[in-house]
Structure formats: structure tokens, C-alpha cells
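Notes follow the structure.
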Amino acid sequence: MGNVLSVQNITKSYKSVRALKGISLEVPEGAVFGVLGPNGSGKTTLLGIVLDVLKANDGSYQWFDGMPSDVARRSVGSLLETPNFYHYLSAYENLKITTAIRGKGVDDRVQVLELVGLEDRMHSKFQTFSLGMKQRLAIGAALLGSPKVLVLDEPTNGLDPAGIAEIRELILRLNNEGITIIIASHLLDEIEKVCTHVAILKHGDLLVCGPVDESLRPEEHIEVAAEDNERLASVLRLMPGVNEVKLLNGVLMLTCQEGIGIAQVNEYCIANQIVLNHLVVRKKSLESKFIELTNKK
Ligand code: ATP
């Protein structure tokens, strides 16, 4: 499978603010691709550029391996800002207006309403909807015309936990239907739960990009202690596969290469006549890894 979107070295400044400082990334077909970063990191700017709403100062991008942009754009549905729906009209009637504005011709409102799980409520007035339902309708509007790719900017903003869960389920369902999804969010939790790939932005720089399980894999440390921690440290510093040994609050924190676990550490200590009185694996939480990544520099 190829890439649906490829971005090369995009830069964008708003007067003195450098919003994007040379971003390059690729979104594989079939992915749920998260653009993650704190507020002001450049997520909306990046989405605006690839959706042709904003002009980059430099760099380029291609949808679907260089398909002419007007053709490609017909295969990309987007939700950058919440659309204005009429409160006194039903979901079905509201989508009629969206369809007419887009001028896409085909009336696929019923399929779309089924896809976003509003088929039972399609004739209810918009004002009777919960916030989660309103957001699902907004996503429905972006799905008119059967796009291959859906671009969503902070789709769970302002929703309660139930609404957030509804959107998360919907994203997974749409992805199962074969739609590639690009989603901007400042919530690590959201990205971690639904995304297959992630790009982390900070102050317009791309910090990390790749599959979620590689990019956001929590780091593991092995914690050990013995009667004589000084001697233990000097022995472990010589152990093959141990990259770092740090003494912290009376225990040693080891950063090891893959394949070195507590069994190997224990064995090595026994072979060097050291009896351990403490040996555990500590996982750094994703939260702390994300904070560390975005706080660097
Ligand atoms: P948020 O989550 O708050 O929407 P974001 O990651 O989407 O943030 P952007 O909205 O892309 O970030 O903003 C990136 C930077 O560009 C910020 O410093 C922002 O203040 C600035 N910026 C965005 N739009 C404009 C504009 N129209 N004029 C001037 N500066 C802007």
C-alpha cells in the first residue's frame, strides 16, 4: 500500500511567528494518523495547508502519489471548523444543504447517517442532539461524497467522556471501512487509543514521526539494589547490553538494550557474587514520555 499524503519540507510563518519550520512526513494508506502537539504547535496550520485553505511559504505536498490536486481533493473530506447547522432542521435536512453547497451531485445522506450512527435520529431536529451527536453529524457532513481520506481537527474538543468515546468508536469504524484518517489533537490519550501512526509537533518542529507503538513506546528501566550499591554499579557498568547506570534514591536505574531483562541482570549479578535485594522493571508512562518529548529544548 502506498501513501495517501506526502509532505516535503513545509514552512509557514505568520509575520514573526514561525508556525511550521520544515515539516516532512508521509501518511500511509489505511492509517489513523495522529498529529499530536500542545496548543500552538502548528497542527491546524499544517492541516490547513494540505487542505489548500492556507498557503505554505515553502515546501510541497502531494495527495495520492501526485494525483492532480482538484481530483485528489474530491477524495478528501475534512472537518477543520464546526459547520453551522440549522437548529430547527433535522440532520437529514441539514445534510441536504451541505450537499447542495458542495455540489457533489450524488445524494448519499442516508448512507452517511448510517455510517455515523444517526440513522434512527435522522429526522430529529438538530437542537435535540447531544454534543456527541452534533459532532457525529459534522463528521457525517465531511463524509458526503465517499472520501477516501478524512481530516479532522481536534474532533473531541468540548465533548464529555461519553461524547469522546462515541467519536473514538466512530473513527475506528470509519477506518475499518477503509477510510484513512488524519486527526489533529493535543490529547495524548486520544492519539494513543485510536491512532496507528503519530507525528509529534512542537513549536513548528516535527519531533517524532512513525507508527504509534514505535514512536510512543514507553521506555523501560530496570531498578536494582544490593547491600553495596557502589560495587553493584561498577559491576553493572561492565555488563554487555547495559547502556546507563544511574543511582537514584538508593536504587540503581539501568537503561538496557533490547533483550536484556531482569533475568539477565540477575544472572550477571550472581555470576559476580552480588546478591540483589531489589530487582524490578519500571515503565515510564506514555504521559511522562510525551511531556519529556515536548518539553525538550
Ligand atoms: P491549537 O491546538 O491551539 O489550535 P495548533 O497546534 O493547531 O494549536 P496553530 O493554530 O497551527 O497551532 O498555530 C501555530 C502558531 O501560529 C501559533 O503560535 C499561533 O499563534 C500562530 N498562528 C496561527 N494562525 C495565525 C494567524 N492567522 N496569524 C498569526 N499567527 C497565527
Side-chain angles (χ1 to χ4, degrees), residues 4-27 31-63 73 76-84 131-132 134-135 138-139 141-142 149-161 163-164 167-168 170-171 180-210 212 215-216 286-297:
V4 296
L5 173 66
S6 167
V7 169
Q8 299 93 26
N9 222 4
I10 295 248
T11 59
K12 172 74 181 172
S13 296
Y14 300 99
K15 297 204 173 114
S16 62
V17 180
R18 292 179 64 209
L20 296 175
K21 302 173 187 163
I23 302 296
S24 301
L25 53 84
E26 278 167 356
V27 179
V32 180
F33 190 99
V35 180
L36 178 64
N39 288 334
S41 54
K43 305 180 295 292
T44 305
T45 302
L46 179 63
L47 297 190
I49 288 171
V50 296
L51 290 169
D52 254 348
V53 179
L54 286 172
K55 217 171 150 27
N57 297 113
D58 213 344
S60 54
Y61 64 88
Q62 298 84 35
W63 287 100
R73 287 288 289 111
V76 181
S78 63
L79 179 59
L80 280 195
E81 281 171 17
T82 313
N84 286 320
L131 279 178
K134 287 176 176 168
Q135 187 64 346
I139 294 175
V149 181
L150 184 63
V151 180
L152 304 170
D153 192 8
E154 304 270 3
T156 59
N157 255 6
L159 297 183
D160 62 11
I164 292 174
I167 300 300
R168 188 184 302 142
L170 175 59
I171 288 171
T180 304
I181 295 171
I182 301 175
I183 167 176
S185 175
H186 63 279
L187 303 172
L188 168 70
D189 188 53
E190 185 164 89
I191 297 294
E192 191 201 337
K193 287 201 171 113
V194 300
C195 292
T196 56
H197 292 70
V198 64
I200 301 182
L201 290 184
K202 189 197 172 190
H203 292 326
D205 282 313
L206 183 64
L207 300 184
V208 174
C209 187
V212 165
S215 314
L216 287 178
L286 281 180
E287 187 74 36
S288 61
K289 176 138 191 230
F290 176 57
I291 290 170
E292 189 183 281
L293 273 172
T294 52
N295 277 347
K296 256 189 226 162
K297 286 200 285 179

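In each ligand, atom 1 is the first atom listed, and ligand 1 is the first ligand listed.
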Q) Would you say atom 20 (O) of ligand 1 touches the protein, meaning some protein heavy atom is under 4.0 Å from it? A)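 Not a single protein heavy atom is under 4.0 Å away.
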
Q.
Determine whether any protein heavy atom is located less than 4.0 Å from atom 14 (C) of ligand 1.
A.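 Protein heavy atoms within 4.0 Å of atom 14 (C) of ligand 1 - there is at least one.
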
Q: Flag G42 as yes when one of its N or O atoms lies below 3.5 Å from any N or O atom of ligand 1, and as no otherwise.
A: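 Between G42 and ligand 1 (N or O atoms, distance only) the closest approach is under 3.5 Å.
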
[X] heavy atoms, cut-off 4.0 Å: which ligand 1 atoms fall inside?
X	result
V17	16 (O), 18 (O), 21 (C)
S41	5 (P), 6 (O), 12 (O)
E154	2 (O)
P38	6 (O)

**Q.** Shortest protein heavy-atom distance from atom 24 (N) of ligand 1, along with the residue and atom involved
**A.**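 Its nearest protein heavy-atom neighbour is Y14 CZ, 3.3 Å.
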
Q: Return the residue, atom name and 0.1 Å-rounded distance of the protein heavy atom closest to atom 4 (O) of ligand 1.
A: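 Nearest protein contact, heavy atoms only, for atom 4 (O) of ligand 1 is T44 OG1, 3.5 Å.
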
Within the distance-only criterion (no hydrogens, no angle test), does the side chain of [X] pair as donor or acceptor with the backbone N or O of [Y] below 3.5 angstrom?
X	Y	value
K43	G37	yes
Q135	T156	no
K55	K12	no

Q: Evaluate the side-chain proximity of L36 to E192: yes if any heavy-atom separation is below 4.5 Å, no if none is.
A: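 A side-chain contact is absent here, since even the closest heavy-atom pair is not under 4.5 Å.
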
Q.
As a check for students: among V35, T45, L20, L80, identify the option with a heavy atom nearest to atom 11 (O) of ligand 1.
A.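 Nearest option to atom 11 (O) of ligand 1, by heavy atoms: T45.
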
Q: Nearest heavy atom to atom 1 (P) of ligand 1 wins, so pick from G204, G37, A184, G40.
A: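 The residue whose heavy atom sits nearest atom 1 (P) of ligand 1 is G40.
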
**Q.** Heavy-atom closest contact (L201 atom, G42 atom, distance)
**A.**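 Taking every non-hydrogen atom into account, CD1-C, 3.8 Å.
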
Q) Which atoms form the tightest heavy-atom contact between A142 and L150, and what is the distance? A)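 Reported closest heavy-atom pair: CB-CD1, 3.6 Å.
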
Q. What residue among I167, L79, L80 forms side chain to side chain contact (heavy atoms under 4.5 Å, CB included) with L152?
A.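 With L152 as partner, I167, L79, L80 yield a single side chain to side chain contact (heavy atoms under 4.5 Å, CB included), made by L79.
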
Q: Please lay out, stage by stage, how F33 and L5 fare under the test side chain to side chain contact (heavy atoms under 4.5 Å, CB included).
A: CA-CA 11 Å; F33 190 99; L5 173 66; over 6 Å; no

